[in-house]
Amino acid sequence: MAVNAIDVTDLTIAYKDKPVLWDVDMEVPSGTLMAIVGPNGAGKTTMIKSILGLIKPAAGQVLVYGKPYAEQRHLVGYVPQRGSVDWDFPTSVLDVVMMGRYGALGWLKRPGASERAAALDALDKVGMKSFAERQISQLSGGQQQRVFLARALVQDAQLYFMDEPFQGVDATTERAIVTLLQELRSAGKTVVVVHHDLQTVPEYFDWVTMLNVRRIACGPVGDVFTDENLRKAYGGKVAFLSAENGRKS
Amino acid sequence: MSSAQIEIQIIASIVAVACALPGVFLVLRRMAMMSDAISHTVLLGIVIAFFVTKSLNSPLLLVGAALMGVITVVLVELLNRTQLVREDAAIGLVFPAIFSVAVILISRFAGDVHLDTDAVLLGELVFAPFNRLKLFGMDIGPEALYTTGGILLLNLIFVIIFYKELKLATFDPALAAALGFAPTVIHYALMTLVSLTAVGSFDAVGSVLVVAFMIAPPAAAYLLTDRLSRMLIYSALIGIFSAVSGYWLSYLLDASIAGSMATMTGASFLISYLFAPERGLLAQARRRQNQRIEFALTMLTMHIANHTAAQEAEIENEVIHLNEHLKWTPQFAMEVVGTAERAGLVTQRNGLLTLTESGLQRANQEFSN
């Protein structure tokens, strides 16, 4: 059997004495497009950040393609939440996208013509090529998200993590991003997305992890995205959403 | 100009550039106040190192100062992490505590030594040319030229070599960490550099001017460009301008050199704040004014288009009635009509306005929106 893209076992993360993730297991087969869903404070972003080594776990283990993340950095692309950076930073769109190549360049080496070409190519894929020389503060929310996506594309990774890529973007951009994610999956990549809109889960994704501090479920959308699991994850608050889901499936 | 005058200006310019380089990253990281804290707390490092070595010329003084700068940053971050105080308050707690210990130590035990608090705050740029460095008995220039020059070189090399890493760690620390660029290491390296710069510079220019040079030129440059590389260059140039013009201001006013230079950094920022081509106050006001006129033009075309067919056209579209119907002052109405005529949106006959082809287009475009 092929090695999983991600194997998380017994992952526990706590801020002081408050558990954020509690003994969570998660296994993501290679080549899936997976959503992580759960209510606010369920630990979705924490989950991604701990896999990327940005947060130290109190217990548990994370493997990326069978090895610790530090050995597999070059295989992993990351799209943080759009709001996590200062968009007034003095830099251009092209420059931000080129940052995706920094990992491959390593310390001290400067980006050059090939990085530039890769960045322009990625911008073209997200429909932002004409914005290459723009100052990033002039972008709308959807455009910012596309730029971040282009930056992840130039990382040329096998496994992508995206933290709420649909947050505050218009319908056109959401469509464009979904199409792109599905293309990545078709190319054999694995994509993990922190997602909020439960109604689009069955349409966009083929795998889902449901979190609420503990793991509620993890598996193919058809098997685990059920009313019962939704109720477990969200409590009684999603009656209308699960009804919606029932209609779709 | 005497050679002493030239030397003072050169030393001040070197300090200005040396401060501007790390200053740009402090400003972008929203850590401007940290420069104030560090430039004061390094004094305790110097004092302690002085007590250990009993010499004011030991390189250990630099090491002690740099260490104390980093300790300041660590203490602020520890305090901040308790989530009981915010970062600005944490800085306000740590910096006076450390600085005051240094001041007490100096006044109690080092009263007779050349380590006085006035000099620390305001520097002794006037005396810099008198403190010569001699090599094999030859005068090779003021000592401050070499200490500040060394620090400038260090900062320059650091920023050039780690430009890419600094940029990424400042813009997106999470990605920097995920890619393995250790933003924490870069952070503390930068803070060490700020400390070294502060201690190496304040002997020459005083800590107030160090803070002014670190923050004002980058803040001014930030308004002038939207590329990091240009922000660094502009900051350096603005720093040099402030140093040189500040020197001559002090000459004219017969006032403190450091004070005059600090004043000029403030003046440079003010000029940039007012006149920056895109983000300056005036540019913003002009943009708002243009938007107001543009909006009024559209309103005018829509108003005329609405009433063209009707019999009320006579009343509605007369220039003299515009101010009542659109609630414009007569002057503003005249201005808008004039602009509209020049732009070919309307024509006026006997005080009655009619839309041209392009005026009609504009109105229709707005209706369909």
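The figures that follow rest on heavy atoms only: side chains count, while hydrogens, waters and symmetry mates do not.
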Parallel, tilted or perpendicular, as decided by the 30° and 60° cut-offs, for the rings of A:F89 and B:F171 = tilted
Please flag which part of A:L108 lies under 4.5 Å from any non-hydrogen atom of chain B: side chain, backbone, both or neither.
-> both
Report the option among A:P111, A:A104, A:G106 that has the most heavy-atom pairs separated by less than 4.5 Å from atoms of chain B.
-> A:G106
Locate the shortest heavy-atom distance separating A:P90 from B:L28; write the atom from each residue and the value.
-> CD-CD2, 3.4 Å
Might you confirm whether atom CZ of B:F158 has over 12 heavy atoms from other residues, nucleotides or ligands at distances under 6.0 Å?
-> yes
So, for A:G103 and B:L179, which heavy atoms are closest and what is the spacing to 0.1 Å?
-> N-CD1, 3.7 Å
Tell me, side chain or backbone of B:I186 under 4.5 Å from chain A's heavy atoms, or both, or neither?
-> side chain
Across chain A and chain B, going purely by atom type as modelled, what donor-acceptor pairs are there at a distance under 3.5 Å?
{"from": "B:R30", "atom 1": "NH2", "to": "A:D86", "atom 2": "OD1", "distance (Å)": "3.3"}
{"from": "B:R30", "atom 1": "NH2", "to": "A:D86", "atom 2": "OD2", "distance (Å)": "3.0"}
{"from": "B:I160", "atom 1": "O", "to": "A:R110", "atom 2": "NH2", "distance (Å)": "2.3"}
{"from": "B:K164", "atom 1": "NZ", "to": "A:G106", "atom 2": "O", "distance (Å)": "2.4"}
{"from": "B:K164", "atom 1": "NZ", "to": "A:K109", "atom 2": "O", "distance (Å)": "2.7"}
{"from": "B:E165", "atom 1": "OE2", "to": "A:L108", "atom 2": "N", "distance (Å)": "2.8"}
{"from": "B:K167", "atom 1": "NZ", "to": "A:D95", "atom 2": "OD1", "distance (Å)": "3.3"}
{"from": "B:K167", "atom 1": "NZ", "to": "A:D95", "atom 2": "OD2", "distance (Å)": "2.4"}
{"from": "B:D172", "atom 1": "OD2", "to": "A:R151", "atom 2": "NH1", "distance (Å)": "3.1"}
{"from": "B:D172", "atom 1": "OD2", "to": "A:R151", "atom 2": "NH2", "distance (Å)": "2.7"}
{"from": "B:A177", "atom 1": "O", "to": "A:R73", "atom 2": "NH1", "distance (Å)": "3.4"}
{"from": "B:A178", "atom 1": "O", "to": "A:Y69", "atom 2": "OH", "distance (Å)": "2.4"}
{"from": "B:A178", "atom 1": "O", "to": "A:R73", "atom 2": "NH1", "distance (Å)": "3.2"}
{"from": "B:Y222", "atom 1": "OH", "to": "A:D88", "atom 2": "O", "distance (Å)": "3.1"}
{"from": "B:D226", "atom 1": "O", "to": "A:T91", "atom 2": "N", "distance (Å)": "3.1"}
{"from": "B:R227", "atom 1": "NH2", "to": "A:E133", "atom 2": "O", "distance (Å)": "2.8"}
{"from": "B:L228", "atom 1": "N", "to": "A:P90", "atom 2": "O", "distance (Å)": "2.9"}

Contacting moiety of A:V79, where chain B heavy atoms sit under 4.5 Å | neither
